[in-house]
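Both counts, for ligands and for their atoms, begin at 1 and track the order of listing.
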Amino acid sequence: MKYISTRGNSPEKQFTEILLGGLAPDGGLYLPGQYPQVTRVELDTWRQLSYADLAYAVLSKFATDIPAADLKAIVSKTYTADVYHNARSGSDTTQITPLRTLEPGVYILELSNGPTLAFKDMAMQLLGNLFEYALAKQHDELNILGATSGDTGSAAEYAMRGKRGIRVFMLSPQGKMSAFQTAQMFSLQDPNIFNIAIKGVFDDAQDMVKAVSNDHAFKQKYKIGTVNSINWARVSAQIVYYFKGYFEATKSGDEQVSFSVPSGNFGNICAGHIARMMGLPIKKLILATNENNVLEEFFKTGVYRPRTTAETAHTSSPSMDISKASNFERFIFDLVGRDAAKVRELWSKVDAGGAFDLRGTDFWKNIGQYGFVAGKSSHADRLNTIRTVYKKYGVMVDTHTADGIKVGLEYRETGVPLVCLETALPAKFEDTIIEALGRKPDRPAGMEGMEKLPQRSEVMEADVTKLKAFVAAHVPQ
Ligand SMILES: *Cc1c(COP(=O)(O)O)cnc(C)c1O
């Protein structure tokens with residue numbers, strides 16, 4: 001399997017060559033040169049597999065330069081009931097991503113039973129093991145530098161903790177994360193994890209990370225890398241649970257399923273798009289946004305208009321508060337018939353802070369064949385959905401999942417199972433659950449007293465020189 005850039009001006013690469021990197025050198029995103037196709041016979045065989053074996057079957061089509069036995073070992077140690085054990089009572093954790101029935105034809109696919117209670121663990125845990133494997137082979141090290149307002153940072157830290165050859169330097173705005181999120185990250189005592197609380201807001205932290213990444217000499221000397229959502233291995237790991245969810249919701253490969261996906265950076269639903277391109281019988285990919293509806297707007301109008309930071313609202317589904325969707329370029333590459341020149345033309349507008357408009361083009365005329373529909377939710381919609389789902393089905397869902405259920409139900413079709421992806425557990429967003437239901441969500445066993453655990457972090461001014469000095473002091477030369 002060869003990987004190509006959506007901008008068309010980068011050499012072809014193999015899976016492990018793009019594993020540790022981010023953007024392609026030409027500024028594009030990597031995608032398979034062509035999508036592997038899944039035959040009906042394979043689909044029927046895969047239906048019988050455990051999650052780990054299914055993950056191996058899917059990923060071996062993409063990670064073709066990792067020896068089979070190695071990939072199998074990595075995947076088996078990642079997808080265990082031990083790692084994904086935080087399910088609600090009654091869920092079968094041996095399934096890794098159990099399917100919960102709300103009513104016949106409407107399901108929740110539980111993707112948030114990993115260590116940080118959000119779906120990002122599904123891919124990030126694999127990434128941790130893949131990174132450790134690749135670095136050991138290359139006798140190399142990696143220092144991951146990132147900025148987080150919550151979910152991504154914690155998922156990265158829990159994936160990389162204790163991994164040989166890897167350190168994590170994670171910046172967060174001091175005092176701006178919830179007590180739960182802060183405790184989740186700052187209670188980690190692993191010597192390879194460094195939490196840096198920045199005296200400022202999230203954008204200050206992000207700007208510091210960007211400044212360090214733009215210092216190429218420093219970046220090279222200290223082997224600085226990232227784990228953002230454009231990482232191809234993360235996208236490929238997410239393809240697996242679309243297959244798993246499909247098998248759980250159907251009896252045979254003759255049936256179709258629709259998936260509803262709470263979306264931010266378009267990483268999760270991009271994996272659904274690829275599963276569909278591989279031949280998984282997906283009827284609709286239902287894209288749900290919150291008030292930050294840049295993607296909903298595109299799928300309804302054909303206009304993609306990223307927002308400024310000032311135009312980006314802070315909502316009760318904060319992990320979807322994005323101004324532009326970093327993975328969206330992958331879908332557009334397919335939509336324009338994989339014409340890299342066209343992608344370059346469109347993104348020259350986006351990268352200059354502008355918008356593009358596909359209305360009136362053949363691309364827009366043909367968009368129906370990709371199965372996307374879109375909708376959005378308001379804060380009131382999410383509260384309402386949390387209440388209704390709790391009252392009607394006795395199931396508590398978080399604000400992001402509620403967004404997906406709200407929009408999913410608007411597009412429900414009779415005879416087509418609707419699978420709503422659960423992107424976080426309600427325990428992560430206590431305040432909004434109390435607002436909706438007048439009670440606290442249950443916490444998974446072992447997390448009850450998390451805020452009382454000893455915490456470890458470094459408080460720092462929003463000063464790039466200080467950040468560089470801190471990294472240099474903690475990376476042995
Ligand atoms: C990251 C995240 C999302 C958005 O996923 P994308 O892949 O960025 O579209 C939705 N919900 C939760 C809880 C998340 O952490």
Side-chain angles (χ1 to χ4, degrees), residues 29 86 108-125 127 146-159 177-178 180-181 184-185 202 227-239 241-242 259-275 285-296 298-299 306 312 315-331 372 374 376-377 382 385-386 397-408 420-430 432-433 441:
L29 280 69
N86 287 314
I108 287 179
L109 186 63
E110 296 186 14
L111 303 178
S112 305
N113 299 332
T116 73
L117 315 186
F119 88 99
K120 291 196 171 65
D121 292 327
M122 292 305 303
M124 206 71 91
Q125 288 289 321
L127 208 62
T148 189
S149 49
D151 279 353
T152 309
S154 56
E157 290 187 354
Y158 279 77
M177 292 191 295
S178 71
F180 181 83
Q181 280 177 321
Q184 217 175 21
M185 290 174 60
F202 171 71
V227 283
N228 46 27
S229 78
I230 58 157
N231 180 288
W232 167 254
R234 276 180 71 181
V235 175
S236 64
Q238 291 171 176
I239 296 169
Y241 53 70
Y242 283 87
F259 286 94
S260 167
V261 189
S263 294
N265 273 319
F266 204 80
N268 196 353
I269 203 162
C270 185
H273 161 67
I274 294 167
L285 287 164
I286 304 166
L287 182 145
T289 72
N290 62 21
E291 291 86 340
N292 298 298
N293 66 332
V294 41
L295 289 169
E296 185 239 8
F298 172 78
F299 284 103
T312 308
T315 74
S316 52
S317 45
S319 300
M320 295 157 65
D321 292 345
I322 52 106
S323 50
K324 58 178 153 199
S326 49
N327 274 291
F328 188 51
E329 187 172 332
R330 288 193 159 112
F331 170 69
F372 279 87
K376 66 174 171 181
S377 72
R382 293 187 289 275
T385 305
I386 292 169
V397 294
D398 93 292
T399 47
H400 306 76
T401 308
D403 167 83
I405 295 173
K406 185 256 177 190
V407 176
C420 302
L421 302 191
E422 177 168 68
T423 56
L425 286 188
K428 276 200 109 155
F429 301 94
E430 260 182 14
T432 318
I433 298 297

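- Those atoms of ligand 1 with a heavy atom of Asn265 less than 4.0 angstrom away are 6 (P), 8 (O), 9 (O).
- Residues Leu421 and Thr401 fail the side-chain proximity criterion, which asks for heavy atoms closer than 4.5 Å.
- Residues passing the salt bridge (charged side-chain N to carboxylate O under 4.0 Å, His left out) test with Glu422, sequence neighbours excluded: Arg88.
- An N or O contact shorter than 3.5 Å is missing between Ala424 and ligand 1 by distance.
- Atom 2 (C) of ligand 1 has its nearest heavy-atom neighbour, among Lys428, His400, Lys120, Met320, in Lys120.
- Heavy-atom contacts of Phe119 reach the following atoms of ligand 1: 1 (C), 2 (C), 3 (C), 5 (O), 7 (O), 14 (C) (cutoff under 4.0 Å).
- Residue Gly267 approaches ligand 1 through these ligand atoms, each under 4.0 Å from one of its heavy atoms: 6 (P), 7 (O), 9 (O).
- In the model, Asp321 has a side-chain atom that pairs as donor or acceptor with a side-chain atom of Asn292 under 3.5 Å.
- Ring-centre distance between His273 and Phe266: not below the 6.0 Å cut-off.
- Scanning all protein heavy atoms for the shortest distance to atom 4 (C) of ligand 1 gives Gly264 N, 3.6 Å.
- Ligand 1 lies within reach of Ser263, whose nearest heavy atom is under 4.0 Å from it.
- Contacts with ligand 1 closer than 4.0 Å are made by backbone heavy atoms (N, CA, C, O) of Phe266 only, the side chain lying farther away.
- Take Arg330 and apply the salt bridge (charged side-chain N to carboxylate O under 4.0 Å, His left out) test, not counting sequence neighbours, and it matches no residue.
- Under 4.0 Å is where a charged nitrogen must lie from a carboxylate oxygen, and between Arg382 and Glu291 at least one such pair does.
- Contact check for Phe259 versus Ile269: no side-chain heavy atoms found under the 4.5 Å cut-off.
- Of the protein's non-hydrogen atoms, Asn268 N, 2.9 Å is the one closest to atom 7 (O) of ligand 1.
- Against a heavy-atom cut-off of under 4.0 Å, Pro262 is close to the following atoms of ligand 1: 4 (C), 10 (C).
- With respect to atom 11 (N) of ligand 1, the closest heavy atom belonging to the protein is Thr423 OG1, 2.9 Å.
- Of the polar atoms of Asp398, none of the N or O atoms is found under 3.5 Å from an N or O of ligand 1, judged by distance alone.
- Checked against the 6.0 Å centroid threshold, Phe331 and Phe372 count as a close aromatic pair.
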